[in-house]
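Presented below is the structure to which this report refers.
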Amino acid sequence: MSPQYWLMKSEPEECSIDTLAALPGQRVPWTGVRNYQARNFMRDLMRVGDGVLFYHSSCAEPGIAGLAEVASEPYPDPTQFDPGSPYFDARSTTERPRWLLRDVALRRKTPLLSLRAMRAAPTLSSLQVLRPGNRLSITPVSPAEWDAVLTLLDR
DNA sequence: GCCAACGTTGGC
DNA sequence: GCCAACGTTGGC
């Protein structure tokens, strides 16, 4: 199958592109997703090696801050079992975990492609994350959209 | 801090 | 299974 691509939102205060770059192996378990559609993307549709647009959200300068890739098969999000975590889910058990995640590994940090620049680019007008009211933290990206991002970053 | 969008919850 | 209330997201 041809490669697939994703856009994944991260709040820089939680995990910025620099946070990721400083982690061992430059990889991070994508914890804290508590939306079924986003979970299903990670559990069912992602494949190891898929490209990821690493997007900074809920911050002063939202936008794409780097390129990454899916780096593991799905496995249970450990934070769902931790009563001290804000992501604790009492309905989950180790036998029947509700939330599965993937590891994400850095490819490279990029100059910030700001949300404003993304909205201004005709080649990105179809991006799901740009649709009004979109709140999904993980969205699919088409090969054409991925190529368009790379083109914009190369300028 | 505002507010629109929209997913989730829970009573019925 | 409907749907109103509520909570969260996230740009501005």
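Note on naming: letters A, B, ... go to the chains in the order of the sequence lines (proteins, then strands), and numbering restarts at 1 for each one.
Spacing between atom CG of Leu127(A) and atom P of dG11(C) amounts to 14 Å, rounded to whole angstrom units. Whole-Å rounding puts the Asn134(A) CG to dT8(C) C1' distance at 14 Å. If you measure from atom CD1 of Ile64(A) to atom P of dG11(C), you get 12 Å, rounded to the nearest angstrom. If you measure from atom NE2 of His56(A) to atom P of dG11(C), you get 12 Å, rounded to the nearest angstrom. For the pair Arg119(A) CZ and dG11(C) P, the computed distance is 8 Å after rounding to whole Å. Between the CD atom of Glu11(A) and the P atom of dT8(C) there is a distance of 13 Å, given to the nearest Å. Atom P of nucleotide dC12(C) and atom CG of Leu130(A) are separated by 10 Å, given to the nearest angstrom.
Taking only side-chain atoms of Tyr36(A), from C-beta outward, the nucleotide of dC12(C), dT8(B), dT9(B) with the closest atom is dT8(B). If you check dT9(B), dG10(C), dT8(B) against the side chain of Arg91(A), the one that comes closest is dT9(B). Side-chain proximity of Ser58(A) to the nucleotides dC12(C), dT8(B), dG10(C) is greatest for dG10(C). Distance from the side chain of Asn35(A) is smallest for dT8(B) among the nucleotides dT8(B), dG10(C), dG11(C).
With no hydrogens or angles considered, no side-chain donor-acceptor pair links Ser16(A) and Asp18(A) at under 3.5 Å. A side-chain donor from one of Tyr75(A) and Asp103(A) sits under 3.5 Å from a side-chain acceptor of the other. Looking at Arg43(A) and Tyr36(A), their side chains never bring a donor and an acceptor atom within 3.5 Å of each other.
Within the structure, every side-chain polar atom (N or O) of Lys9(A) is placed at least 4.0 Å from both OP1 and OP2 of dT9(C).
Under the 4.5 Å side-chain criterion, counting only non-hydrogen atoms from C-beta, Val104(A) is not in contact with Met46(A).
The main-chain N or O of Trp99(A) is found under 3.5 Å from a side-chain atom of Gln80(A) such that the two form a donor-acceptor pair. Put simply, the side chain of Arg102(A) gets close to the backbone of Met42(A): a donor and an acceptor are under 3.5 Å apart.
No contact: Arg39(A) has no heavy atom under 4.0 Å from any strand.
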Give each protein N/O atom lying under 3.5 Å from an N/O atom of nucleotides 5-7 of chain C, with the pair distance.
from: dG7(C); atom 1: N2; to: Arg135(A); atom 2: NH1; distance (Å): 3.3

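Checked against Asp77(A) for a side chain to side chain donor-acceptor pair (under 3.5 Å), the options Arg34(A), Arg98(A), Arg39(A) give a single hit: Arg34(A).
For the helix from dG1(B)-dC12(C) to dC12(B)-dG1(C), the terminal axes (five pairs an end, C1' atoms, rotation from four pairs onto the next four) enclose an angle of 10°, given to 10 degrees.
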